[in-house]
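The structure appears right after this line, and notes come after that.
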Amino acid sequence: MGNKQTIFTDEQLDAYQDCTFFTRKEILRLHGRYHELAPHLVPMDYTNEPDCKVPLSLIVNMPELKENPFRNRIVESFSEGGDGNLSFNEFVDMFSVLSEMAPRELKAIYAFKIYDFNVDNFLCKEDLEKTLNRLTKEELTPEEVELVCDKTIEEADLDGDNKLSFADFENMISRAPDFLSTFHIRI
Amino acid sequence: MPPKRKNDVAVKVEDVGMEVDAEIDSGSEDEARRRAKNRRAKPQRKAKQPSEDEEDEDEDETPRRKGRRKKTKARAKDDDEDDDDEDNRSVKSKTSKASRKKAPKDNEEDSEGEGDKKKRGKTVSKKEKEQQNKEKKGNVKGKAGQSKGGEKDKKKKNGSSSSSSGSDDESLSEGEMEALKEQVEEKKKLVATLRNKPWRMKRRLDVLKEAQDFVEKFEGALGKGKGRRLYAFKVMMAKKFIKFKRDFENFKTACIPWERKIKDVESHFGSSVASYFIFLRWMYGLNMVLFGLMFGLVILPEVLMGLPYGTIARKTVPRAEQDTAMDYSVLFDFEGYCKYSILFYGFYNNEKQIGLLKFRLPLSYLLVGVGIFGYSLMVVIRTMARNANEGGDGADEGDFTFSWKMFTSWDYLIGNPETADNKYASITTSFKESIVDEQENQKDENIHLRRFLRVLANFLILCCLGGSGYLIYFVVKRSQDFADMDNADLSWFEKNEVEFVMSLLGLVCPPLFETIAELEDYHPRIALKWQLARIFALFLGNLYTFLFALFDEVNEKLEREKIIKNETELALAHYYANYSSFYNTTDVPPPNVHPADAIRGPCWETGVGIEFVKLIVSDVQVSYLTILIGDFLRAVIVRFLNYCWCWDLEAGFPSYGEFDISGNVLGLIFNQGMIWMGAFYAPGLVGVNLLRLLSSMYYQCWAVMSCNVPHERVFKASRSNNFYMGLLLLVLFLSLLPVVYTIMTLSPSFDCGPFSGQEKMYDVVMQAIDQDLPAFIGNIFTYATNPGLIIPGVLLMVLALYYLNAVSEGYQQANTDLKKKMQAARDEEKNRRNNKDSTNQVMKDLEDLLPNKSLIPRPIEEEPPLDEIKVEKVSKPTKTKPGSSGNGVNLQKEVSLAAPNPRGPVTHGPGPRGGPPLNTRGPQPGPARGRGRGGHPRR
């Protein structure tokens with residue numbers, strides 16, 4: 001760790017620790033991972049906050065994300081432009097939300113964003129179909145998909161508008177016993 | 001906007017602020033003069049503008065006013081010197097400070113897409129702008145916005161105070177001070193909770209910086225006169241404390257071992273297998289503490305300050321055994337030198353105080369023995385309480401079957417293609433199962449046959465349990481016979497029969513149960529529960545049979561001990577009598593016998609300790625061998641013989657092993673139970689266990705990564721955490737019983753161990769209380785142990801229990817009521833939400849996070865398809881499943897089925913509502929409200 005001072009200043013590290021669920025060591029490790037993704041793009045020195053972004057295609061190839069059916073959506077949700085290119089800030093943000101320490105409410109918000117494929121702040125049937133097809137590798141018949149999506153909406157849609165708003169989603173997810181243990185990536 | 005929580009004074013204050021803004025717009029830039037004017041003009045204005053309100057979120061009159069004024073100044077300045085202030089965050093000059101203060105607001109507005117408007121503010125009327133501002137802050141940001149607003153005001157003030165000779169500081173009145181304090185507190189809170197805010201990192205960093213600067217700036221200004229120094233000191237200490245806490249946290253996370261290993265396992269096998277390793281790690285931590293207690297307070301003092309080996313009988317190997325005492329086979333059975341070492345109870349001396357420190361070893365021994373239980377109990381319960389908060393609040397299983405499957409079934413930890421494939425397959429299967437369940441609730445089948453099979457299976461398993469219990473009892477009994485025989489005549493098997501049989505049973509029975517459970521044909525999840533319960537019963541039965549057999553042995557030994565004790569006393573009396581008669585003196589020196597030749601009792605405590613240690617060791621051996629043969633050898637054979645075999649070994653019969661989570665966890669729990677029980681008789685046992693856990697962490701990690709394949713049916717680790725913790729608690733309690741029983745009722749051996757010479761073990765405590773503590777404490781103890789006090793105490797506790805139970809029932813009732821109400825309220829609220837922009841802060845934040853607001857399709861665009869879907873949905877399910885399970889889901893459907901008829905004609909009214917399709921409509925009265933009609937009225 002001899003070179004940590006050259007990557008971030010102490011103030012930066014403190015600020016990151018205030019803003020995320022990570023410790024100093026983890027932040028440095030994250031930077032290492034980030035740097036690994038695109039060594040020619042990402043500078044080692046972050047003290048003056050360089051403006052650089054790593055493209056989506058590199059990020060989704062991280063071993064942590066590679067097998068995830070929603071990897072593109074995850075990365076896109078956390079990118080400010082929605083195009084999936086992440087700056088280091090957004091990168092840290094992503095793993096902070098997905099870390100073990102993040103509270104359920106925060107995770108729910110981002111989970112909602114991830115499953116919201118068409119980015120309209122509602123989970124409509126189209127989104128659900130996409131989710132389902134990714135979960136099952138499209139092995140269900142269209143009728144089955146239809147049925148499952150209908151049932152899902154029926155279960156979770158409290159206000160009857162045939163799509164899930166965030167309130168619906170949160171209500172449903174807050175009771176799910178497995179949500180916290182599964183919506184979690186260890187870095 | 002309606003004014004929220006504010007008094008009219010505040011309203012006026014706002015107005016003042018606005019007017020000042022207007023003045024700026026008019027172009028006058030002389031700050032000092034304006035300020036003076038403002039101050040003078042205050043009363044008049046108050047009177048002048050009674051009607052304009054529109055402002056909310058304010059804390060106090062004065063700071064507000066000041067803030068306004070400052071803001072105007074700052075803004076004016078800002079406009080002058082630095083038009084674009086979005087990216088200048090560097091803090092140096094006053095100007096940049098002021099602009100920095102302003103920046104977040106601009107940011108905020110930019111994110112709302114109105115920043116440019118503000119920039120061109122000179123043309124727009126200031127008041128309108130102000131209003132927008134307020135509006136945004138009020139309903140967009142909610143809490144956060146509020147604090148932000150406050151902060152902003154402070155900032156302005158700050159900026160001005162630095163620009164204007166700092167005379168404000170002196171004029172801080174009490175009220176201002178309070179407000180300032182409040183704001184500082186608010187800021188601090190914001191900093192503490194910043195990481196929970198769903199904002200972009202950049203914004204978070206900015207807000208953090210501002211908040212910190214603000215706190216920095218104003219914290220020092222708080223406190224006056226005498227209190228000032230104290231306050232500054234307090235603030236400094238708080239800061240130091242925070243820093244220390246963070247460093248400590250960093251240190252703590254750095255100390256957590258095996259993160260990498262667990263992560264590897266996690267990504268290969270998913271969270272369920274990893275949960276075992278996390279549990280193992282937790283157990284290791286717990287045992288570290290137990291070992292620390294044992295080692296520091298019992299073992300170390302005895303080693304350092306107690307008598308060394310060979311000085312007294314209990315610390316010496318008897319002469320008869322000395323020849324073989326160093327043999328490996330003897331040591332391996334924990335006889336010989338092992339038996340007379342600090343590992344076991346018998347080695348400890350009963351000297352009341354030892355060494356320079358006058359350390360009371362017997363007392364410490366007893367307290368540590370009990371303290372281990374106390375500490376474990378505390379830790380387990382605390383962990384359980386913490387885990388309890390994490391699980392969902394547990395709606396009924398049936399409520400969200402599909403939703404949960406849809407949104408929580410993917411394990412984000414998985415990072416291995418094979419596991420991922422398995423997971424895909426298992427998710428697909430589970431969906432298919434649910435669909436089948438949904439379509440036909442109950443298959444027609446022979447229910448009698450199934451019932452019969454289930455009864456049969458249970459019968460068989462009970463037989464197994466009974467058989468295994470009897471077997472253990474039989475074996476332990478036999479081992480006592482063996483113990484009487486000469487050691488040399490016995491084979492290895494005969495000597496280790498008990499441990500061998502117990503381990504074997506633990507090995508054979510669970511798979512047997514699993515095979516029998518096939519008969520029952522339960523749902524996998526229920527089957528798993530049954531399986532766990534049965535294995536638990538098996539282990540528990542075995543353990544307790546073992547214990548009872550051990551108690552028999554102990555009683556036998558106690559009898560024998562009595563005889564030996566009498567003999568010794570007799571011999572001693574003889575010796576004294578002879579000595580005094582022979583030498584004709586009453587001054588008799590103690591008999592000069594070499595400690596190795598002394599007559600000694602059986603020392604039942606050491607015997608029990610040895611049994612436990614042997615049990616643990618053989619358990620380790622068996623489980624490691626199982627892994628080696630059952631997993632490793634199997635994997636090797638499958639892997640390499642596959643090239644020359646008639647069928648596909650990898651896909652076919654033997655294939656690779658799966659990691660048996662439940663069995664492993666239960667094994668760990670029972671191992672811990674034995675440690676708890678045995679630690680009192682064998683202080684070294686905790687250390688042995690520590691080694692065991694350490695090696696098994698590495699060994700099992702290696703085994704699981706190299707020889708096991710991911711589960712085909714990945715069952716979830718859902719809430720298993722607390723399930724296992726509950727089992728651990730039960731085992732802890734069950735292992736507490738025998739130990740406490742022996743401490744309280746059995747008399748300790750007369751010639752070995754720290755309690756020798758006492759009637760009962762706990763007498764040590766009594767003595768300490770009587771002799772070493774002040775008399776009144778002894779009195780208190782006597783009173784406290786009086787039955788007259790204990791019985792009322794117990795009664796009181798029972799009453800408290802009853803009361804708390806009643807209260808919790810009441811809360812539960814209230815809880816369900818509230819849930820119902822919430823459900824209803826949601827339905828009601830729905831329409832309102834449809835018609836208006838969301839007032840929900842979280843929703844706003846969500847919208848804020850959207851990559852590009854322009855990307856969002858207007859809700860109106862999807863109206864037509866939505867309605868079509870609706871109709872489809874309404875008509876279709878009725879056909880496919882007319883009367884399936886009658887739970888809440890169906891109920892909703894009935895409601896939505898009823899809806900379309902009245903809806904069509906009633907709500908259409910094209911004339912008046914033709915215009916703006918969204919918004920502009922209040923909640924509908926009458927039939928259009930309620931479930932299932934939300935999407936419709938917008939047409």
Side-chain angles (χ1 to χ4, degrees), chain A residues 15 17-21 23-25 63-64 66-69 80-82 89-90 92-93 98 103 106 109 113 115 119-121 125 128 131-132 135-137 139-140 144 147-148 150-152 154-156 158-162 166 172-186, chain B residues 191 194-196 198 200-202 204-205 208 249-250 253-254 263 266 271 390-393 395 400 402-404 406-408 410-415 417 420 424 427-428 431 435 716-719 826 830 843 846-847 850-852 855-857 866 869-870 873 877 889 892 931-935:
Chain A
Q17 287 180 62
D18 273 329
C19 292
T20 64
F21 298 94
T23 60
R24 151 192 289 264
K25 191 176 150 198
E64 280 85 1
K66 211 169 68 197
E67 296 303 329
N68 199 314
E80 206 158 351
N89 279 342
E90 291 154 357
V92 172
D93 207 12
L98 288 169
L106 188 64
I109 286 174
K113 283 179 66 60
Y115 295 124
V119 206
D120 61 352
N121 271 350
K125 209 164 164 187
L128 295 183
T131 309
L132 191 57
L135 269 181
T136 58
K137 287 207 161 165
E139 283 191 10
L140 294 180
E144 283 169 331
L147 178 71
V148 171
D150 281 339
K151 292 300 290 182
T152 307
E154 201 176 292
E155 282 168 2
L158 291 179
D159 46 25
D161 56 358
N162 248 341
F166 178 68
M172 180 268 295
I173 213 81
S174 66
R175 297 170 187 202
D178 302 326
F179 176 62
L180 274 190
S181 61
T182 56
F183 194 75
H184 160 205
I185 293 180
R186 214 180 280 264
Chain B
V191 170
L194 195 58
R195 63 192 67 170
N196 294 339
R200 297 280 181 217
M201 182 62 81
K202 203 169 150 201
R204 250 185 268 169
L205 285 173
L208 173 75
E249 286 291 313
N250 282 347
T253 40
K263 195 196 156 191
E266 239 172 15
S271 53
E390 278 173 13
D393 66 353
F400 294 114
F402 282 99
S403 317
W404 285 350
M406 178 91 86
F407 294 117
T408 66
W410 184 260
D411 195 339
Y412 277 59
L413 288 160
I414 291 175
Y424 284 127
I427 290 175
T428 313
F431 267 118
I435 291 169
K716 307 233 182 79
S718 75
R719 267 185 268 178
R826 255 176 219 283
K830 144 68 201 158
M843 277 300 287
L846 253 170
E847 248 162 43
L850 288 180
N852 217 334
L855 277 180
I856 309 169
L866 204 79
I869 288 167
K870 175 102 195 160
K873 179 203 157 193
V889 174
Q892 290 186 18
R931 190 187 285 287
R933 266 155 266 183

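Chain letters run A, B, ... following the sequence lines, proteins first, then strands; residues in each count from 1.
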Flag the one option from A:K137, A:K66, A:E64 with the top tally of heavy-atom pairs under 4.5 Å to chain B.
A:K137

In this structure, CG of A:L132 is separated from CZ of B:F407 (nearest 0.5 Å) by 9.5 Å

Rounded to the nearest 0.5 Å, the CZ atom of B:R204 sits from the OG1 atom of A:T20 at a distance of 8.0 Å

B:Y424 portion near chain A, given a 4.5 angstrom heavy-atom threshold:
both

To the nearest 0.5 Å, what is the distance between CG (B:N250) and NZ (A:K25)?
9.5 Å

Nearest heavy-atom contact between A:T152 and B:M406 is OG1-CE, 3.5 Å

Quick one: what part of A:Y115 sits under 4.5 Å from any heavy atom of chain B, side chain, backbone, both or neither?
side chain

Check for a donor-acceptor pair, side chain of B:W410 on one end and backbone N or O of A:T182 on the other, with a separation under 3.5 Å.
no

Using a 4.5 Å cut-off on heavy atoms from C-beta on, say whether the side chain of A:N68 contacts that of B:Y412.
yes

Rounded to the nearest 0.5 Å, the OG1 atom of B:T408 sits from the CE atom of A:M172 at a distance of 8.0 Å

Interface moiety of B:L208 toward chain A, non-hydrogen atoms closer than 4.5 Å
side chain

Taking all heavy atoms of B:T428 and all of A:E139, pick out the closest pair and write down the distance.
CG2-CB, 4.0 Å

Counting heavy-atom pairs under 4.5 Å with chain B, the top scorer among A:I185, A:T131, A:V148 is A:V148

